[in-house]
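If you're wondering where the values come from, they're calculated on a predicted model, not measured in any experiment. Chain letters run A, B, ... following the sequence lines, proteins first, then strands; residues in each count from 1.
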Amino acid sequence: MANLHINANLPLYIPLHHELVREFETADSNHLLVLQEVQNAIDDVSAQGKAYIDFVLSDDNRAPVQVNQDTLNTLLTALRQHIVSKYELECWKQSAHQARARIRNQQRNEPELTVETMDLYREYGEKRQFADEIIHDYQDDKELKQQERTMDQVVNTYDTYVQLRNLVYILQDPSNPLPTDADNEDDVAVAGGKISLRDPLSLDYYEEPVISRKCMHVFSRATIHQYLAGSSGRLGKNCPVDGCEATISFNDLKPDLIMALRMKVLRKRGREQRNIERI
Amino acid sequence: MSLCKTRLQEERKQWRKDHPFGFYAKPNKAPDGSLDLTQWTAGIPGRPGTLWADASFPITITFPEEYPSKPPKVKFPSGFYHPNVYPSGTVCLSILNEEQDWRPAITLKQIVMGVQELLDSPNPDSPAQEPAWKAYSKDRVTYEKKVREQAKRYATG
Ligand SMILES: [Zn+2]
């Protein structure tokens with residue numbers, strides 16, 4: 001009788017079953033749904049944040065309002081968590097996409113696991129399973145992305161987050177520099193440690209402030225548009241601020257919501273002042 | 001309201017609120033008695049301790065319609081003795097030149113202080129008149145004498 005030797009050890013690496021590959025393909029659409037959910041959550045908290053700022057600055061509050069630090073912290077924490085989730089989902093999406101392509105390729109070249117192919121897979125030894133591959137990719141991608149931009153930089157691209165975070169300082173004094181401004185003092189119009197609330201073109205208080213992405217100089221929308229109107233489109237013009245080397249065009253301008261917040265606080269203070277004088 | 005007009009009203013407000021010591025600046029009156037914000041008369045004090053001290057030199061400042069995109073024109077009386085002043089009295093200064101260092105954010109205060117600085121620190125690379133430039137570069141004794149004589153004519157106090 002032949003000595004039938006049966007190796008009962010399972011291989012350390014097992015190929016992904018065809019059926020599962022198909023399921024894996026559809027995971028992408030689920031992911032989009034989740035991303036949409038997170039975006040909705042960000043929008044919701046942002047709307048609450050805006051409503052809170054409006055409440056603080058509304059005329060229903062005759063006297064200067066005491067900001068509720070707990071409310072503010074709750075809003076900030078929630079917003080930050082959602083933004084971080086969105087960021088991580090986006091990293092995940094990117095690496096899952098790459099991993100999927102690789103697994104699909106790999107799977108095409110691998111025979112299905114049967115008793116006959118078992119030995120082949122035993123020889124593979126300890127190859128990484130597909131799930132490990134994705135996690136590995138994801139961690140690599142995330143690390144790379146965070147080298148480009150820290151999480152603080154990411155949350156600071158959300159205007160409502162920045163407004164909420166700085167509300168207390170601006171309420172104290174609308175021309176207060178913000179804590180983050182200390183890092184790039186050269187880029188900010190600071191006069192005696194204070195931020196100028198006046199448009200450098202008209203010298204009047206800002207109206208619909210816009211900021212140049214190139215040099216962070218701030219202008220009133222109407223005056224900078226008038227200044228740039230004389231320029232030939234894309235080429236733009238010298239920044240109106242003396243000493244600034246930037247060339248700016250319409251495309252470099254975006255609304256400056258922090259300066260807008262400063263102006264709202266300034267106007268509310270003006271109204272409060274008049275109320276006090278009337279009394 | 002035009003940017004030029006808004007800006008000039010703000011310049012006037014801010015000048016009245018605060019301006020550098022010894023300087024004056026005010027818009028001219030139009031024939032009908034109203035203020036003409038595009039034409040100003042100003043006085044530049046010579047810096048203490050210089051040949052120009054103890055005098056106030058009159059200038060006119062004319063703002064074009066395109067101000068502040070374009071710079072104002074600054075003039076001393078015609079025949080003013082300075083290497084960088086044209087015979088017409090027009091001041092040759094880089095911050096007043098659109099092709100050079102003019103920027104719309106430069107304020108009236110910066111302009112008058114720039115002119116004050118120019119008085120005692122002429123730029124030998126941009127001659128605007130023969131007599132003062134020649135004397136300044138070749139005959140400093142004559143130059144200083146002429147400057148002192150001129151300062152006497154505009155003496156203050
Ligand atoms: Zn700039």
Got a sec: does the NZ of A/Lys214 have more than 12 other heavy atoms crowding it under 6.0 Å? yes
Of all heavy-atom pairs linking A/Lys237 and B/Ser69, the shortest is NZ-OG, 4.3 Å
Check the surroundings of atom CD in A/Glu245: do more than 12 heavy atoms from other residues, nucleotides or ligands lie under 6.0 Å from it? no
Within a reach of under 6.0 Å around CD of B/Glu65, are more than 12 heavy atoms found that belong to other residues, nucleotides or ligands? no
Which of B/Glu66, B/Arg7, B/Gln110 touches chain A most, by non-hydrogen pairs under 4.5 Å: B/Arg7
Most heavy-atom pairs under 4.5 Å with chain B, out of A/Cys244, A/Ala222, A/Pro240, belong to A/Pro240
Among A/Leu201, A/Leu203, A/Val241, A/Asn238, the residue with the most heavy-atom pairs under 4.5 Å to chain B is A/Leu203
Working to the nearest 0.5 Å, report the span between CZ of A/Arg198 and CD of B/Glu10. 5.0 Å
Output the distance between atom CG (B/Leu3) and atom OG1 (A/Thr223), rounded to the nearest 0.5 Å. 6.0 Å
What do you reckon, is OH of A/Tyr169 surrounded by more than 12 foreign heavy atoms closer than 6.0 Å? no
